[in-house]
Every structure is written in structure tokens, then in C-alpha cells.
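Data block below; observations after.
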Amino acid sequence: MTTVTIFGVGLIGGSLALCFKGKPGMKVVGHSVRRSSVEKYVSRGVVDEATTSMREAAEQADFIFLCVPVGELESYLEQIAGFDLKPGCIISDVGSTKASIAACARKLGNRNAVFIGGHPMAGSERTGVEAATSILFENAFYVLTPEPSTPPEALTRLTDLLKHTRAHIVTVDAEKHDEIVGAISHLPHIIAVALVNQIRRYNEQNGLYELLAAGGFRDITRIASSDPALWRDILIHNREVLLRLMRDWNEETGRFIRMLEQADTAGIEEAFRMSGEFRSRLPERRKGMIHSIYECYIDVPDHPGIIGRIATELGNRHINLSNLQIIESREEVPGVLRLSFRTQEDLDHAIASLKELGYTARY
């Protein structure tokens, strides 16, 4: 029997548990310091067993996944390293920064265990074990960051286990991982937060900023609403990389300042052309660090029951509607209904169904 222990059975940890649970010869154990959480994990069928004892959870494991917040990873690893782990036990994590936890693992060590950093590049707008699903990682990239000294057999065992996630496994050096993820995820979050706060300050003097920022501005800056404590820890753990990236970003904005000062129309056009060309090469419909949005907009008349009718019709067609919002609705003026879905397939199906119902959906 192979035992997989999950510390932190939330969205990511719970989804990993569901990928492994029920597989032949495999047992999944969950851990939480709260008895109520332990009972919830078992009652929801996410794990086979759960316990509040860290030692009990760790010492029976063949594989340990640390799915706790980045700021807690080193504390958990330090405690687990002091236990009498099974010979050959593999410890991994799911944090979005890798160099700091790799350095901690090298410092602590455990004669029986091997640490291999991991980062599944998938997520959801929802959180908690209630949002866990066995398909969360399907078609996503799952990055592993083995050390040069990592036994090849251990890496193979972990890779074979993670095949149950149906993710694409990629291996990369921990420091290189942090540079890449810093550029494609952490830096964009900083830019979004800074931009929204800039507009917030302008709005203190003129409320039209907030009024007119609806729609596109709200959509392109949605990551500015990410969890503050989570991102505090991520940015601090990757701060050296981010300081370099932000200096590079200052150079990029400096180029635009100079082009505007010089009214350099050709330079501005070329900057947009090059960015558009590169962006067009980026893969579509693949899960990544920044979650895709699957939304459409339709005009709806101000008639009683119209929202319920649309939601019911989509439900009758087995289309999973994750959220809806009325953006504007006034007497004799069509309201705008924003419909959100969890997958591109649901969005495509919804647009076709809405067309059958006489509505024109816009992206």
C-alpha cells in the first residue's frame, strides 16, 4: 500500500488527494490542526483518513505533499524533517516560489527522505476543499525542481505518481523557475495592484475614475483583487528576483516615456506590433499561472423573470454557470448581463445556446 499524505487539504491539496484517492494500492491521508477540518475532509470523501497529528500523518507516508501557504512551508518542513520518516519517503510542496524552500530543505535534510520541489500551475477563482476537483491539473503544467543531487529513482517515482493528475510534468532548476514565474505571474500582479492604487488615488479627487473604470479596466486588473496575505508571502519569498524584474520594468516604461516625449509614432507602433506578434504565439486554452476568464455579455430587457429564464435554459443544457452579474438595468433600457463559466467548453456551448434563444453574446 502506497500512502500519500497531504498537509493542507484546500483547493490544491484537496485536488491532489482526489487525483490519488481510489487508485489501486493507494491510501490518501489528510492533515489539519483543526478537528473540524479533519472531519470535513473525510465526510466529503476527499481523503481516506485524516488526523490532527502531524507526526502520525508524516511517519506513515511514502509521499508527503506540503500544500500550505508559502509563508508556512519552511515551518512545516522543519517539523517534518525531525520525524522518523519512512526510508525513501519523498517530500514535495506546491508553492509558487521554489528557491527558498529548496534552500531550507538542503539545510534541514532527513536521512530517510528526499525533497523535490513542485509547483502545479493551475488554480481556480474559488478556494478551500469545497472547490477541490480531480480535473484541476488536467492539461496544466506541473513543474518539478529537483536538485543536482536528487536520486533519479526518486524523481521517477514522483513523476509516475503525478501522472495521475494528467498534468504535463516539466523539470527546471529552482532558481530559474522563480525567475520565470516571477516574470509571468508575480510581476503582473504587482503592476495590476500598483495601477489600481494609482487610479484609486485619482478617484479620491474625482469620482468619475471609479465610474468610468467599469468593464475593460476592471477585467484587465482583476488579479489586483488577489488574496493580500498570500501575495505578501509570495512576493517576499521571491523579492530578489522581483527587484531585478521591476528594474527591467522601469526601463520598459522609461522607453515609452521617451517615445511620448519625442512623439515617436513609429516607435510606439513598433512596440505594439512586437508585443502583439509575441502574444499571438502564446498558447491558448491552456491552464497557467494567471487563471483564464470565460465570460460573455448579453443585452437583456428589463422584464420580470428574464434572468431566471436564461439561467434555467443554460442549466437544462447542462452548462455549468459559475456566476452572473447585472451590470446595468434601467426602465426601457436593456441591461447588460455578464455570464461567467469555468471552462472554455462551457462558454462555447453557452454562446451557441444563447444564439438559439435569440440572444447575441459578446466577449
Side-chain angles (χ1 to χ4, degrees), residues 1-23 25-97 100-101 104-105 107-120 123-124 126-134 136-137 158 161-162 164-165 227-230 232-234 237:
M1 178 69 70
T2 297
T3 300
V4 179
T5 290
I6 310 286
F7 287 93
V9 190
L11 170 67
I12 301 297
S15 296
L16 278 174
L18 289 172
C19 289
F20 306 139
K21 188 173 181 291
K23 298 296 187 293
M26 198 169 295
K27 180 176 72 172
V28 180
V29 176
H31 171 271
S32 174
V33 296
R34 293 185 295 274
R35 169 57 56 184
S36 59
S37 295
V38 163
E39 293 171 351
K40 180 168 61 174
Y41 302 158
V42 176
S43 66
R44 295 184 68 89
V46 178
V47 298
D48 296 302
E49 301 174 7
T51 177
T52 58
S53 168
M54 181 177 286
R55 180 181 295 274
E56 178 187 344
E59 291 187 349
Q60 64 177 304
D62 298 287
F63 294 91
I64 294 173
F65 287 91
L66 303 178
C67 304
V68 297
V70 168
E72 299 177 23
L73 279 173
E74 293 185 16
S75 173
Y76 270 75
L77 188 59
E78 183 175 357
Q79 293 178 74
I80 290 171
F83 296 151
D84 185 19
L85 302 178
K86 277 186 177 181
C89 176
I90 294 175
I91 306 172
S92 191
D93 73 310
V94 297
S96 67
T97 59
S100 57
I101 189 65
C104 179
K107 179 179 68 175
L108 294 171
N110 183 290
R111 67 182 185 279
N112 289 334
V114 175
F115 178 83
I116 303 174
H119 179 200
S124 169
R126 300 182 299 158
T127 59
V129 68
E130 294 82 2
T133 170
S134 62
L136 182 67
F137 312 109
L158 179 58
L161 177 69
L162 290 173
H164 291 297
T165 66
D227 182 85
L230 170 71
R232 173 201 64 202
D233 292 344
I234 290 173
H237 277 79

Hey, can you tell me if H164 and F20 have their rings parallel, tilted or perpendicular (30° and 60° cut-offs)?
-> perpendicular

Would a 4.5 Å heavy-atom cut-off, applied to side chains only, mark L77 and L73 as touching?
-> no

Heavy atoms only: give me the nearest A50-V42 pair and the separation to one decimal.
-> CB-CG2, 3.8 Å

Would you say I64 and L85 make side-chain contact, with heavy atoms under 4.5 Å?
-> yes

What distance separates K27 NZ from T2 OG1, expressed to the nearest 0.5 Å?
-> 11.0 Å

Distance col, row L66:CG vs F115:CZ, nearest 0.5 angstrom, shows 6.5 Å

Separation of K21 NZ from M26 CE (nearest 0.5 Å) = 12.5 Å

E49 side, atom CD; T5 side, atom OG1 - distance, nearest 0.5 Å | 9.0 Å

Report yes or no: do T51 and E56 form a side-chain donor-acceptor pair below 3.5 Å?
-> yes

Is there a side-chain contact between C67 and L16, using heavy atoms and a 4.5 Å cut-off?
-> yes

Where is the tightest heavy-atom contact between A113 and I91, given as atom of each residue plus distance?
-> CB-CD1, 4.0 Å

Side-chain donor or acceptor of S92 paired with backbone N/O of F65 under 3.5 Å = no

Which pair of non-hydrogen atoms, one from L108 and one from A81, has the smallest distance, and what is that distance?
-> CB-CB, 4.1 Å

Does the side chain of D84 reach to within under 4.5 Å of the side chain of N112, using non-hydrogen atoms?
-> yes

Decide yes or no for L18 and V46: does some side-chain heavy atom of the first lie under 4.5 Å from some side-chain heavy atom of the second?
-> yes

Check whether any side-chain N or O of S75 sits under 3.5 Å from a backbone N or O of E72 as a donor-acceptor pair, and report yes or no.
-> no

When you look at NZ of K23, are more than 12 heavy atoms from neighbouring residues, nucleotides or ligands closer to it than 6.0 Å?
-> yes

Under a 4.5 Å cut-off applied to non-hydrogen side-chain atoms, are Y76 and D93 in contact?
-> no

Which pair of heavy atoms, one from H119 and one from V94, lies closest together, and at what distance?
-> CD2-O, 3.9 Å

Atom pair CZ/SG of F137 and C19 - distance to nearest 0.5 Å | 5.5 Å

Apply side-chain contact (heavy atoms from CB on, under 4.5 Å) to the pair L136 and I12, showing each step before the final yes or no.
-> CA-CA 8 Å; L136 182 67; I12 301 297; 3.8 Å; yes

Where is the tightest heavy-atom contact between E74 and S100, given as atom of each residue plus distance?
-> OE2-O, 3.7 Å

Value for CZ (F83) from CD (Q60), rounded to nearest 0.5 Å, stands at 12.5 Å

I234 and T97: which non-hydrogen atoms are nearest, and at how many Å?
-> O-CG2, 3.7 Å

